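Remarks on the structure that follows.
Proteins come first, then strands; the chains are lettered A, B, ... in the order of their sequence lines, and each starts at number 1. Quick caveat, the model's predicted, so the values are computed rather than measured.
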Amino acid sequence: MTENTQQQNPAPTTELPTQYAPAEVEGALYERWVDRGYFTADANSEKEPYTIVIPPPNVTGALHLGHAFQVTLMDALTRRKRMQGYETLWLPGMDHAGIATQNKVEQQLAEEGKSRQDLGREAFTDRVWQWKDEYGGRILGQLRRLGAGLDWSRERFTMDEGLSKAVQTIFKNLYDDGLIYRAERIINWCPRCLTAISDIEVDYQDDDGELVSLKYGEGDETVVVATTRVETMLGDTAVAVHPDDERYAHLIGKRIKLPLTDRTIPVVADTHVDPEFGTGAVKVTPAHDPNDFAIGQRHDLESMTIMDERGVITVHGPFQGLDRFEARSAIVAALREQGRVVAEKRPYVHSVGHCSRCKTTVEPRLSLQWWVKVDTLAQAAGDAVRDGRVALHPKDMEKRYFDWVDNLNDWCISRQLWWGHRIPVWYGPNGEVVCVGPDDPIPGTEAEGWTQDEDVLDTWFSSGLWPFSTLGWPEKTPDLEKFYSTDVLVTGHDIIFFWVVRMMMFGLYAMEDQVPFKTVALTGLVRDEFGKKMSKSNPNAVDPLDWMDAYGSDAVRFTLATGANPGADVPIGEDWVKASRNFANKIWNATRFALMNGATVEGPLPAPEAMTATDRWILSRLNKTVAEVDAFYDDFQFAKLSDALYHFAWDEVFDWYVELSKTTFFEGGEQAKVSGRVLGEVLDVTLRLLHPIVPFVTETLWTTLTGGETLVTAEWPKDSRFRDDAAEREIETLQQVITEVRRFRSDQGLQPGQRVPARLDLDGTTLASHEAAIRQLLRLQPEGDAFSATATLSVGGAQVALDLSGTIDVAAERKRLAKDLAAAEKEKAQATGKLGNEAFLAKAPDAVVDKIRGRLAKADEDIARIQQQLERLPQA
RNA sequence: GGGCGCGUAGCUCAGCGGUAGAGCGCUGCCCUUACAAGGCAGAUGUCGGCGGUUCGAAACCGUCCGCGCCCACCA
């Protein structure tokens, strides 16, 4: 039916079809933008720089809505700055994602029945590179699809040659400064990934466990301890009690028998023990628990490792070779047999750490690792925010940031993986330890007994260098000179600790106290339309590419921008994307109309005196909108600026300006030319304002409208300061008149198209020049000879008398007026009450009092009018 | 346990001291010469509960209830 309709009403002359088809323009437009070098930054430019480096997505990743969201915001920011005349660099790249990528390739190998050990280190890393070339980086192509204006000539990878050099350089510098050291400590160990992981790579969740109470010792010298990890008792080297706990005073300093072993262990006094908790006695396993390790240090206890890297018991005896969880039940059974289990197992919910990559239960493990000493680095990272050189947005995130940097523990940077930056330290035959810089020779050959450290660095070590390593550091490149410090970091608040803090520490350290970015704009997570978290593993996950295919990239971008309240999570649903698509289509059709009716950008704007009030009104509104949008941009208020543009474009320009101006356009002549120039201006500026968020549809329309080459490098609109308050008031009144009469017509059951004879009395108003528009929009015919007013509406001083002889529904009209009257009387009562309140008059600001007076006056006017109309109504 | 935040229309969210807002959804009328992916009109809220401050509270303070996030601990 729709199709037929369109055929019956062929569009007048225009090259544009009646519907916007994103798929037909997006791909080609993007290629053109890239080919013409619009996104390529020039380090030698005289222009002021504006830099954003993209948070590098994992090489293993595919685009999800979270990326699409952040990328949209970064693209909007850089596109606007580019239009404002900045030398804009938005730098793309990817992260090698150590564990994630290694896991991926190991899985692939497993399908072939092989392990990485079968291949050996070198062949394995070759294989990962091969995987990367073949499957990695899919996500970058998807960013193009989104329209991301990235400078592809500067694409980087955390494992490329330059960045590897940066890693080695900073490692060496930190090492030489004593900020990197090697130490044996309890670390979080993943028995599946077979590597240490940092504190923040551990996800804690409440798991069901069992608390078992065990009796240690013999005869009078026994003590009951409770544990959820029974298997660790094999590695106990003490029992600790509180020094003031009288129940155990007699035991302190003595040695008691450790069940299932032939060892005795000391009872030590330590204030760490809470006498109120459990039995007040704690088993101490220094090699397998961080707290116990600390106790062990204080009391000079032996650390006894009882498991290998896979979590298999290594202690000689009946449990040797059992997995940690098998060992747990076996040991409980053995202890029960000995009558050592004094209270039966009871369910116990406690927080258990899991590897953030593979969900395996983390095993705390004593291990020799490399560490970054963070105290001075973290201090500097905190100060940069404290003294305002770096602003976090929204600001309340700063507290969380301080809580973190002020309580940071040393960072474990070594990983027992093969995919990553290998630690540049060599060990010599006589115990030499040599840290090698990028230009240093290797201190000796393997044949001479030298070996390189087997471990690689934490992925976040290299991503911590991202804002300057991508610009060429440690070389003093023109890029680094021009584009560092970067301007804004856009990233999720979930990643502050992983990444933001590391970049701050390394950036300030390596770049002589120059901050890596001036502003951190923190975003929330993308959620589905019911507020549920959307992630790859959830079934509600949506592939943004599907939506881009169905509704266009602009629609997805606009929806995301509209949902972007600072720091808050972003809900998104397909219906909303559809609505955004409708908006794009609306812009499309409004521009079609404009082109068909002589809208132009040629020549100077006509003088205000030559314009209609409607023209002056929309230009006044346009410039206010420019100012508003700019303010919102500077405050990262994407939701608000999108909303402001949506309403300005749709409500004011398309629904009011265009409709009010139709009579002018259809009459032709000089006035039509003037309004055509105004409409051209309004669309030109509006498309420019919308371009950073919806680049494709705006580019297509703008080049058609203006004949310009591209909107990408077109000038960002400036507020011309044109304001016309009188015209704004005039059009507001006009809108009121039209809306009131429409409401009346609707209440009376008149069909929208039905023509009604009417007499307009516009004396006492400023609306005289709008009579034609009023008649056009309200379908009001000139009054004929037999005109007889059956209903008179009075709005804003204008009288509109309608001849509805025979059609008016008197009962409905009475009802309507009665309702209006009641509302007006209520309003009057409220205002009167206020104005009679002495305290209010004394304390309220004048502006508020005036407002109330105005309301009272209007209510009085309304009441008089409605009563008059009621009287004039024919008797039922 | 410490910290932060949130509860506003059916849904998702703005508003954060002076008459309750938006988008989507819903109801009615309409293919009115740009657009039915549209137009016009309409309905819907004790602004989580209870106290307090104030001339005036959705907004400020206290408290309770419900939800979420971060950090720490969990023998």
If you write RNA chain B from 5' to 3' in dot-bracket form, with Watson-Crick or G-U pairs under 3.5 Å, [ ] for crossing pairs and | for pairs with another strand, what do you get? ((((((((.[[[[.)..(..]]]].(((((.......))))).....[[[[[..)....]]]]])))))))....
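Checking B:G23, B:C55, B:C71 against every side-chain atom of A:Phe840, the shortest atom distance belongs to B:C55. Of the candidates B:U19, B:A14, B:A22, B:A14 carries the atom nearest the A:Ala568 side chain, counting heavy atoms from C-beta on. Of all nucleotides listed (B:C24, B:C71, B:C55), B:C71 comes nearest to the side chain of A:Trp404. Picking from B:U54, B:A34, B:G3 the nucleotide with the shortest atom distance to the side chain of A:Lys843 gives B:U54. In this structure, of B:A34, B:A22, B:C55, it is B:A22 that holds the atom nearest to the side chain of A:His647. Among the nucleotides B:A34, B:U19, B:G3, the one closest to the side chain of A:Glu827 is B:U19. Minimum atom distance to the side chain of A:Asn585 is reached by B:C35, of the listed B:C40, B:C35, B:C24.
Taking only side-chain nitrogens and oxygens, A:Lys662 comes nearer than 4.0 Å to OP1 or OP2 of B:A34. Within the 4.0 Å cut-off from OP1 or OP2 of B:A34, not a single side-chain nitrogen or oxygen of A:Tyr657 is found. Distances shorter than 4.0 Å separate some side-chain N or O of A:Trp650 from OP1 or OP2 on B:G39.
RNA chain B lies under 4.0 Å from at least one heavy atom of each of the following residues of residues 745-754 of chain A: A:Ser746, A:Gln751, A:Pro752.
Pairs passing the salt bridge (Lys or Arg N to Asp or Glu O under 4.0 Å) check and including a residue from residues 549-578 of chain A, sequence neighbours excluded, read A:Asp75-A:Arg557, A:Arg145-A:Asp549, A:Arg527-A:Asp569. Every pair passing side chain to side chain donor-acceptor pair (under 3.5 Å) that includes a residue from residues 845-856 of chain A is listed here, sequence neighbours excluded: A:Glu827-A:Arg855. Contacts classified as salt bridge (Lys or Arg N to Asp or Glu O under 4.0 Å) and involving residues 642-654 of chain A (residues at least two apart or in different chains) are given here: A:Arg621-A:Glu652. Note on residues 282-291 of chain A: pairs passing salt bridge (Lys or Arg N to Asp or Glu O under 4.0 Å), not counting sequence neighbours, are A:Arg229-A:Asp289, A:Asp236-A:Lys283.
Donor-acceptor pairing under 3.5 Å, judged by distance alone, is absent between the side chain of A:Arg743 and the base of B:A41. Side chain A:Lys586 to base B:C35: a donor-acceptor pair is found below 3.5 Å.
Residue A:Lys834 is classed as a base contact, given a heavy-atom separation below 4.0 Å to a base. Base contact: A:Val658 has a heavy atom under 4.0 Å from a base atom.
Annotation: side-chain contact (heavy atoms from CB on, under 4.5 Å) contacts of A:Thr237 (sequence neighbours excluded): A:Arg263, A:Pro286, A:Leu301, A:Glu302, A:Met304. Listed by chain and number, the residues in a side-chain contact (heavy atoms from CB on, under 4.5 Å) with A:Ala568 are A:Asn565 (sequence neighbours excluded). Legend: residues meeting salt bridge (Lys or Arg N to Asp or Glu O under 4.0 Å) with A:Asp860, ordered by chain and number and at least two apart, are A:Lys828.
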Test A:Lys395 against A:Glu398 for salt bridge (charged side-chain N to carboxylate O under 4.0 Å, His left out), laying out the working first. CA-CA 6 Å; A:Lys395 200 170 167 51; A:Glu398 289 186 359; 3.2 Å; yes
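Salt-bridge check for A:Lys662 with A:Glu659: passed, with a basic side-chain N closer than 4.0 Å to an acidic carboxylate O.
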